Amino acid sequence: SDILQVNHVTKLYPNGIKGLDDISFNVKRGEFIAVVGLSGAGKSTLFRSINRMQDITNGEIFINGTDISKLKGKELRHFRRKIGMIFQSFNLVNRLTVQKNVLSGRVGYYPTWKTILGLYSKEDKEKAVRSLDHVNMLKKLYDRADSLSGGQMQRVAIARTMMQEPDLVLADEPVASLDPKTSEGVMKDLRNLNVKDHDTVLVNLHSIDLALEFADRIIGIRDGKLVFDKAAAQSTPDD
Ligand code: ADP
Ligand code: ADP
């Protein structure tokens with residue numbers, strides 16, 4: 001079954017630029033898809049359209065069969081909680097511990113009064129420990145987020161996303177600020193999340209090599225158009 005359907009989506013910005021130009025593709029549950037394209041191709045516009053950070057001009061986006069343009073208020077908030085976001089800049093709360101950052105995945109991206117007071121169930125705390133263990137960061141449980149290296153921060157962000165149990169994960173240039181060796185490790189953790197929990201992941205990548213190594217399928221975007229959509233196994237760097 002398709003978790004995501006993007007049907008003829010166009011995004012026209014007020015300045016006349018088409019961020020997306022009649023783009024269509026479907027995503028099956030459990031797929032790990034790399035979205036590749038040059039800077040300005042429309043990758044971020046695509047992600048902001050899928051998580052409804054911005055509205056599209058034409059077309060439809062369905063997630064789990066629901067037309068997301070129709071969602072508002074409580075339904076929209078509920079929908080957003082089911083989309084896991086991984087960012088280039090990690091978006092951890094610096095002054096909080098690794099544990100609290102991961103626990104915040106339980107409720108959303110930002111701490112509520114409950115999370116600040118540390119009011120979590122035993123079950124949630126155990127789940128945070130399992131998630132951190134999965135990305136090999138358990139030893140940092142009580143360290144402050146800002147004491148970590150970039151690669152460690154991104155692994156904590158991945159654990160936070162596991163805690164969230166999203167239907168769909170959007171990772172926007174997750175390794176763009178990391179060195180090649182660290183990038184490999186982070187991509188492995190992101191990929192592992194997929195294998196273990198059958199989560200569906202869309203990842204924006206600059207590196208075609210990382211896309212070929214880790215993705216099931218590669219979608220290429222240029223000037224807002226879909227120019228490539230193939231299984232990674234059938235792709236080469238020259239495509
Ligand atoms: P990518 O993420 O692949 O680098 P973007 O989605 O950021 O590409 O941008 C696609 C195109 O849309 C670019 O030409 C960019 O300048 C333009 N664009 C992106 N965001 C906006 C915006 N808020 N207003 C106007 N144009 C935008
Ligand atoms: P990215 O490539 O990740 O989209 P950018 O630096 O291109 O990052 O964009 C950063 C922000 O600037 C985004 O919120 C985007 O919407 C906005 N933006 C990008 N291009 C334009 C543009 N041509 N006009 C107005 N805003 C833009």
Side-chain angles (χ1 to χ4, degrees), residues 3-27 31-63 67-69 71-72 76 79-80 83-92 109 150 153-154 157-158 161 166 168-180 182-183 186-187 190-191 200-230 232 235-239:
I3 181 161
L4 171 67
Q5 294 170 263
V6 176
N7 295 335
H8 299 289
V9 168
T10 293
K11 171 65 183 180
L12 184 65
Y13 285 111
N15 58 5
I17 290 179
K18 273 187 183 164
L20 294 174
D21 187 358
D22 193 22
I23 199 166
S24 299
F25 62 93
N26 288 0
V27 173
E31 278 192 293
F32 191 100
I33 301 181
V35 180
V36 300
L38 299 175
S39 185
K43 304 182 299 295
S44 304
T45 302
L46 176 66
F47 276 26
R48 289 196 297 267
S49 302
I50 293 171
N51 69 12
R52 266 211 57 191
M53 290 267 285
Q54 64 181 201
D55 290 325
I56 56 179
T57 315
N58 265 308
E60 297 166 308
I61 297 176
F62 291 92
I63 294 184
D67 179 350
I68 64 167
S69 71
L71 301 173
K72 46 185 179 240
L76 181 57
F79 158 77
R80 287 220 174 98
I83 307 288
M85 293 296 299
I86 306 267
F87 303 94
Q88 177 178 344
S89 51
F90 324 122
N91 290 29
L92 300 181
Y109 312 122
M153 284 187 190
Q154 197 60 299
I158 289 170
T161 301
L168 177 67
V169 175
L170 304 178
D172 197 358
E173 304 279 359
V175 297
S177 66
L178 306 175
D179 65 64
T182 308
S183 296
V186 166
M187 285 302 297
L190 204 54
R191 174 74 229 195
T200 311
V201 180
L202 249 69
V203 53
N204 273 352
L205 291 173
H206 266 116
S207 159
I208 187 74
D209 291 333
L210 285 178
L212 287 167
E213 185 177 351
F214 289 100
D216 300 319
R217 178 176 157 200
I218 301 177
I219 286 178
I221 298 183
R222 188 193 302 143
D223 297 332
K225 295 186 180 73
L226 193 141
V227 292
F228 186 89
D229 186 352
K230 272 194 205 173
S235 311
T236 70
D238 297 329
D239 284 334

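In this chain, numbering begins with 1 at the start of the sequence shown. One-based numbering, in listed order, for ligands and for the atoms of each. It should be emphasised that the depicted structure is a prediction, and the values quoted were computed from it without experimental measurement.
Remark: ligand 1 and Gly19 share no N or O pair separated by less than 3.5 Å (distance only, no angle test). By the 3.5 Å distance cut-off applied to N or O atoms, Lys18 is not counted among the residues near ligand 1.
Arg52 places a side-chain N or O within 3.5 Å of a backbone atom of Leu71 that can act as its donor or acceptor partner. Proximity of a side-chain donor or acceptor of Arg222 to a complementary backbone N or O of Phe228 within less than 3.5 Å is not detected.
No heavy atom of Gly37 sits closer than 4.0 Å to any atom of ligand 1. Using a non-hydrogen distance threshold of 4.0 Å, Leu38 registers as a contact of ligand 1. Not a single heavy atom of Lys11 sits less than 4.0 Å from an atom of ligand 1.
Annotation for Leu92 and Met153: closest pair CD1-O, 3.7 Å, computed over non-hydrogen atoms. Looking at every heavy atom in both residues, Gln88 comes nearest to Ser177 through O-OG, 3.6 Å.
Tested against Leu170, the residues Thr161, Ile83, Thr200, Val203 include a single side chain to side chain contact (heavy atoms under 4.5 Å, CB included) partner, Ile83.
Between the side chains of Ser89 and Asn91, at least one donor N or O lies within less than 3.5 Å of an accepting N or O.
No side-chain heavy atom of Glu173 sits under 4.5 Å from any side-chain heavy atom of Phe47.
Between Val36, Leu46, Ile17, it is Ile17 that holds the heavy atom closest to atom 17 (C) of ligand 1.
If you number the atoms of ligand 1 from 1 as listed, the ones under 4.0 Å from a heavy atom of Ala41 come out as 1 (P), 3 (O), 8 (O). Close contacts of ligand 1 with Thr45, meaning ligand atoms under 4.0 Å from a residue heavy atom, involve 5 (P), 6 (O), 9 (O), 10 (C). Atoms of ligand 1 found under 4.0 Å from any heavy atom of Lys43 (numbered from 1 in listed order, with element): 1 (P), 2 (O), 3 (O), 4 (O), 6 (O), 8 (O).
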